[in-house]
Amino acid sequence: MDQPDPYPDFSIIIPARNMERFIAETLDSVCRQSAPSFEVICLDDGSTDSTREIIEGFVRRDARFSVRSGPAKGVSAARNLGLSLAQAPLVLFLDADDLLHPDALRLYSQALSSSGAVAALSGVQRISIQGDEMRGTDNRLLVPEQDQLAALLRKNFVVNGGALALRTDVARQVGGYDTSLTNGEDWEFWCRAALIGPFHVMEGPALLYYRQVASGANFKTRAPAFARRVASIEKVAANPAMQQRFGPKLRRLLRARQIDVFWSGVRNQYQYGRKPRALFEGVCGMFMYPDSVLRPKLIWRFMRSLDRRA
């Protein structure tokens, strides 16, 4: 087997726990990249199925792949371990059930080399558990030309980590992921990165195929539907740099974020077949968040997102 590239252009960090159903397809999508200079750091975070064996098969065939045992303390701790091992100037945090467009790394690299941005944001194509494409609004349409951070505080337009390629030094500068968070940890991390500088919003095809899995973090680890306190939002609210940047406006921005989190949870209940529960939460939400009716864009996105069928 060839020796790994000591100076790769990209570090791809993939935490995995019991992902035997999807991990081979994910790693295959990395193998098909048109830009060959990368390293893949897989973190087997306590799997009890054949995830580790599948990864080791790729490691044996391709020197660019490696596998380490994760700390088994959650996805944030695993990502941080991967970040500490990264050797490339650019980093991508890819989930173990998502897929990359064949030109993803090449286009990410071009975007960051031609701009001074701290990260490059691509489009996201949602796919079903079987891999079929699903309808959805282009996340890039939610990003304004000015004041991206304020928009991100209101709404998670990144969607998922594989859609955001970061400069490795920026990811380290902001301290990586907050391991105390089990929900919204990625959004909170991206908000800290956006404090450093703007994201370059890329044109062209979606570079991430984001799998909608009912057992995934998108559903299981969301805050309780009627929680008045959301830990990730509280972390952002308590961040001195955020307070200095936005002053009293920060509270209003994060109120919009909390409303969005709630209605995203209702949508997920509906999409994952729990329609009676979605209806119950939706009715309650009208009383909990009466100011939702004052947000026509939120209502339009919510109604449009209920049907993801292609």
Side-chain angles (χ1 to χ4, degrees), residues 4-14 26 29-41 64-65 79 82-95 98-126 136-177 186-210 241 245:
D5 185 347
Y7 304 107
D9 294 335
F10 242 106
S11 294
I12 306 172
I13 297 171
I14 307 178
T26 297
S29 77
V30 177
C31 289
R32 292 193 294 269
Q33 290 300 300
S34 58
S37 180
F38 60 80
E39 64 172 354
V40 182
I41 304 171
R64 296 172 297 183
F65 288 75
R79 288 170 178 157
L83 180 60
S84 72
L85 299 170
Q87 301 182 76
L90 305 177
V91 64
L92 189 71
F93 296 96
L94 182 65
D95 285 355
D98 293 341
L99 308 175
L100 289 179
H101 186 285
D103 290 325
L105 298 187
R106 179 178 64 82
L107 295 175
Y108 280 138
S109 295
Q110 288 178 357
L112 287 170
S113 64
S114 63
S115 73
V118 301
L121 175 68
S122 84
V124 175
Q125 172 62 61
R126 297 174 188 270
T137 302
D138 191 325
N139 56 302
R140 293 168 290 190
L141 297 177
L142 302 172
V143 189
E145 292 185 7
Q146 302 295 327
D147 211 354
Q148 291 179 354
L149 177 54
L152 183 59
L153 291 174
R154 291 191 299 265
K155 171 72 177 176
N156 174 13
F157 56 68
V158 176
V159 182
N160 188 268
L164 191 74
L166 296 111
R167 299 189 190 277
T168 305
D169 57 354
V170 170
R172 289 171 173 160
Q173 180 181 345
V174 301
Y177 288 81
D186 42 10
W187 169 77
E188 190 271 340
F189 169 65
W190 301 327
C191 288
R192 282 185 277 121
L195 274 170
I196 304 298
F199 299 164
H200 176 80
V201 181
M202 303 169 62
E203 299 179 351
L207 301 184
L208 177 71
Y209 295 86
Y210 172 43
R245 173 82 170 264

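Just so you know, residue 1 is the first one in the sequence shown, and it goes up from there.
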Quick one: do D138 and R140 make a salt bridge, cutoff under 4.0 Å?
yes
Are the side chains of F38 and L92 in contact, using a 4.5 Å heavy-atom criterion?
no
Determine whether a donor-acceptor pair (N or O, by modelled atom type, separation under 3.5 Å) exists between the side chain of W187 and the backbone of V158.
no
Less than 4.5 Å apart, any side-chain heavy atom of F189 and any of L164?
no
When rounded to the nearest 0.5 Å, the distance separating CZ of R126 from CG of N160 is 9.0 Å
Pair listing, ring pair (Phe, Tyr, Trp, His ring centres under 6.0 Å) test, anchored in residues 140-171, at least two apart:
none
Compare all side-chain heavy atoms of L83 with those of Y177 and state whether any distance is below 4.5 angstrom.
no
Q33 side, atom CD; L107 side, atom CG - distance, nearest 0.5 Å
9.0 Å
For residues 192-209, which side-chain donor-acceptor pairs fall under 3.5 Å, sequence neighbours excluded?
from : atom 1 : to   : atom 2 : distance (Å)
R192 : NE     : E188 : OE1    : 3.2
R192 : NE     : E188 : OE2    : 2.8
R192 : NH1    : V174 : O      : 2.5
R192 : NH1    : G176 : O      : 2.9
R192 : NH2    : G176 : O      : 2.9
R192 : NH2    : E188 : OE1    : 2.8

Just jot down the ring pair (Phe, Tyr, Trp, His ring centres under 6.0 Å) partners of F10, sequence neighbours excluded, or say none.
none
Can you name the nearest heavy-atom pair linking A86 to T168, along with the distance?
CB-CG2, 4.4 Å
Closest heavy-atom pair, C191 versus L149, reported as atoms and distance to 0.1 Å, is O-CD1, 3.7 Å
Give a yes or no answer on whether the side chain of E39 reaches the backbone of P8 with a donor-acceptor pair at less than 3.5 Å.
no
Return the CG to CZ distance between D147 and R245, rounded to the nearest 0.5 Å.
6.0 Å
Q87 (side chain) donor-acceptor with D9 (main chain) under 3.5 angstrom
no
Tell me, do L99 and T26 make a side-chain contact under 4.5 Å, heavy atoms counted?
yes
Residues passing the side chain to side chain contact (heavy atoms under 4.5 Å, CB included) test with N139, sequence neighbours excluded, are L121, V124, V159
Listing request: all side-chain hydrogen bond (donor to acceptor under 3.5 Å, both in side chains) pairs with a residue in residues 108-122, at least two apart in sequence or in separate chains.
Y108-S122
D103: what forms a salt bridge (Lys or Arg N to Asp or Glu O under 4.0 Å) with it, not counting sequence neighbours?
R106
